[in-house]
Amino acid sequence: MSERKPYKTDVSDVSDEQWALVEPVIAAWKAAHRSVSGHQGRYEMREIVNALLYQGRTGCQWDLFPHDLPPRGAVMHYFTKWRDDGTDQTIHDLLRWQVREKARRKADPSLVVLDTQSVHVAAGVPAESTGRDAAKKVPGRKRGLAVDVLGLVIAVVVLAASAHDNAAGIALLDKVAADTDIVQKALVDQGFKNAVVAHGQTVGIEVEIVERNLGRTGFVPIPKRWIVERAYGILMLHRRLVRDYEHLPRSSESRVYWAMTAVILRRLTGATAPAWRSA
C-alpha cells in the first residue's frame, strides 16, 4: 500500500481482509493481461479498487479524484477494461456465492425478485440512451434488478426510462437464465404484464405477478417483494447511483456491481456499515 492516510474502510478503502477476497481475481486478470514491455504498471491494483469504491460511494467526478488516489486515466482504464470483459461481474458473483454459501444456501438461488427504478441522468449523458418514464414522471434511465431472498443482485439491466417494465423484465429474465441454471420462479409487481410471464415460460422460469392488498392503505411491505426495494435503498447510499452519470448503460450496470461488491465485502468480513444519516 502507498503511504497515504486511508479513507474509512466502511465507506471506500478495503481492509486487508476484504482485499484478500478480491486480490486473487485481480491477480489472475493481471497475469493474463501482461504489458508487451513487461511493465507491471505504476499503481497498485488495491489502490485502483479503492478509487473505484471511493467514487461509487462519494459520487465524485472523474476530474475530482483526491490527489492521493490514482489519477483519472489509470482508474478509468481499469474500470472500462473490467466492464468490457466482465471482470466486474466476476468479482461480484464470486463474492455473492460466498455469502450464500455462508448462509448455507446453494451458490445460485431458485427464486428471484424483479423490480425497476427510474433515476434522473446528469447533463452530459447522451439523449439517445435516455427517455421519460411516463408513469413515474422521471426523465432519465431505468434500472432493473433481479435479487435473491438475501437481497443479493443476480442480474442488472439499464435501459432508457421510457422503456416499459416489460422490456426490463424480459432482459432480466434472459440474464438470469444465462447466468444461472436453477432459478425456477420470479416474483414481480403489477408494473410487469403478461408479456413477462409468457417470456418466463420460454426460458424455464415461472413468473408470478404479486398484487397488493387493495383493502390496506399506505405503505405496506409485501412479503419477499420488499427485498428488492431494500436492495435499491442500499444502493442509494452510493451517491454515484443517486443519479445516472454514465455515458454508456453498461457503465451504469458496472456501477451497480461495484456498489454491491462493497456491500458484500462488508457482509463477508463483518464490517459495520455506516448509518444512512451519516452516509
Side-chain angles (χ1 to χ4, degrees), residues 7-8 10-13 48-66 69 71-73 75-76 78-80 82-84 88-89 92 114-147 151 153 155-165 167-169 171-172 175 189 191 228-264 266 273-279:
Y7 294 96
K8 295 177 64 178
D10 61 357
V11 174
S12 60
D13 274 14
I48 297 294
V49 172
N50 283 338
L52 285 173
L53 298 185
Y54 177 91
Q55 187 181 37
R57 189 67 190 220
T58 65
C60 77
Q61 298 173 354
W62 283 107
D63 289 334
L64 295 180
F65 269 134
L69 287 174
R72 162 186 176 154
V75 181
M76 184 178 288
Y78 287 104
F79 174 77
T80 55
W82 294 339
R83 175 201 68 195
D84 293 342
D88 53 359
Q89 185 176 351
H92 168 271
L114 276 54
D115 201 5
T116 63
Q117 175 195 53
S118 293
V119 295
H120 292 269
V121 296
V125 174
E128 58 267 22
S129 66
T130 68
R132 181 178 177 82
D133 186 327
K136 299 177 182 176
K137 305 296 188 291
V138 174
R141 283 188 178 146
K142 177 174 290 186
R143 297 188 189 117
L145 289 185
V147 305
V153 171
V156 55
V157 298
V158 176
L159 307 169
S162 54
H164 194 279
D165 280 1
L172 283 170
K175 280 198 170 186
D189 65 17
V228 68
E229 305 289 353
R230 183 185 64 181
Y232 277 120
I234 291 172
L235 289 176
M236 288 300 96
L237 291 175
H238 297 79
R239 295 181 182 179
R240 188 79 182 187
L241 295 177
V242 173
R243 184 180 294 264
D244 197 330
Y245 295 93
E246 313 304 329
H247 280 216
L248 299 178
R250 178 64 186 89
S251 294
S252 302
E253 295 171 6
S254 183
R255 291 293 180 184
V256 173
Y257 285 124
W258 281 112
M260 287 304 300
T261 292
V263 172
I264 292 172
R266 289 198 298 271
W276 67 269
R277 289 183 177 86
S278 62

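The figures that follow rest on heavy atoms only: side chains count, while hydrogens, waters and symmetry mates do not.
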Could you tell me which non-hydrogen atom of Val119 sits nearest to which non-hydrogen atom of Asp244, and how far apart they are? CG2-CB, 4.1 Å

Identify the two heavy atoms, one from Ala259 and one from Leu241, that lie closest to each other, and give their separation to 0.1 Å. CB-CD1, 3.8 Å

Partners meeting side chain to side chain donor-acceptor pair (under 3.5 Å) with Arg143 (sequence neighbours left out): Gln117

Partners of Thr261 by side chain to side chain donor-acceptor pair (under 3.5 Å), sequence neighbours excluded? none

Heavy-atom closest pair, residues Ala161 and Val138: CB-O, 3.8 Å

Rounded to the nearest 0.5 Å, how far apart are CG of Leu52 and CH2 of Trp82? 6.5 Å

Does Gly124 offer a backbone N or O that forms a donor-acceptor pair with the side chain of His247 under 3.5 Å? yes

Heavy-atom closest pair (Val157 atom, Ala168 atom, distance to 0.1 Å) is CG2-O, 4.0 Å

Taking every non-hydrogen atom, the tightest pair across Gly169 and Leu114: O-CD2, 4.0 Å

Once you round to the nearest 0.5 Å, how far does CD of Gln61 lie from CD of Gln55? 9.5 Å

Side-chain heavy-atom pair His238, Val263 within 4.5 angstrom cut-off: yes

Rounded distance (nearest 0.5 Å) linking atom CG of Leu69 with atom CG of Asn50: 7.0 Å

Kindly compute the distance separating CG (Leu145) from OH (Tyr232), expressed to the nearest 0.5 Å. 3.5 Å

For a 4.5 angstrom cut-off between non-hydrogen side-chain atoms, does Val75 reach Tyr54? no

Test ring pair (Phe, Tyr, Trp, His ring centres under 6.0 Å) applied to Phe65 - qualifying residues, sequence neighbours left out: Trp62

To the nearest 0.5 Å, what is the distance between OG on Ser118 and CZ on Arg132? 10.5 Å

Identify, with sequence neighbours excluded, every residue that meets side chain to side chain contact (heavy atoms under 4.5 Å, CB included) alongside Asp165. Thr116, Lys142, Phe192

Only pairs at least two apart or in different chains count here, so list each salt bridge (Lys or Arg N to Asp or Glu O under 4.0 Å) that has a residue in residues 245-257. Asp88-Arg250, Lys175-Glu253, Arg240-Glu246, Glu246-Arg255

All salt bridge (charged side-chain N to carboxylate O under 4.0 Å, His left out) counterparts of Arg72, not counting sequence neighbours: Asp63

Set of side chain to side chain contact (heavy atoms under 4.5 Å, CB included) partners for Ala167, sequence neighbours left out: Leu159, Ala163

Residues passing the side chain to side chain donor-acceptor pair (under 3.5 Å) test with Ser129, sequence neighbours excluded, are Arg141

Which residues pass the side chain to side chain contact (heavy atoms under 4.5 Å, CB included) test with Ala122, not counting sequence neighbours? Val125, Arg243, Tyr245

Listed by chain and number, what are the ring pair (Phe, Tyr, Trp, His ring centres under 6.0 Å) partners of Tyr257, not counting sequence neighbours? His92

Minimum heavy-atom distance Leu237-Arg57, with the two atoms named: O-NE, 3.4 Å

From Thr58 OG1 over to Leu53 CG, what is the distance, rounded to the nearest 0.5 angstrom? 10.5 Å

Side chain to side chain donor-acceptor pair (under 3.5 Å) filter on Thr130, not counting sequence neighbours, yields none

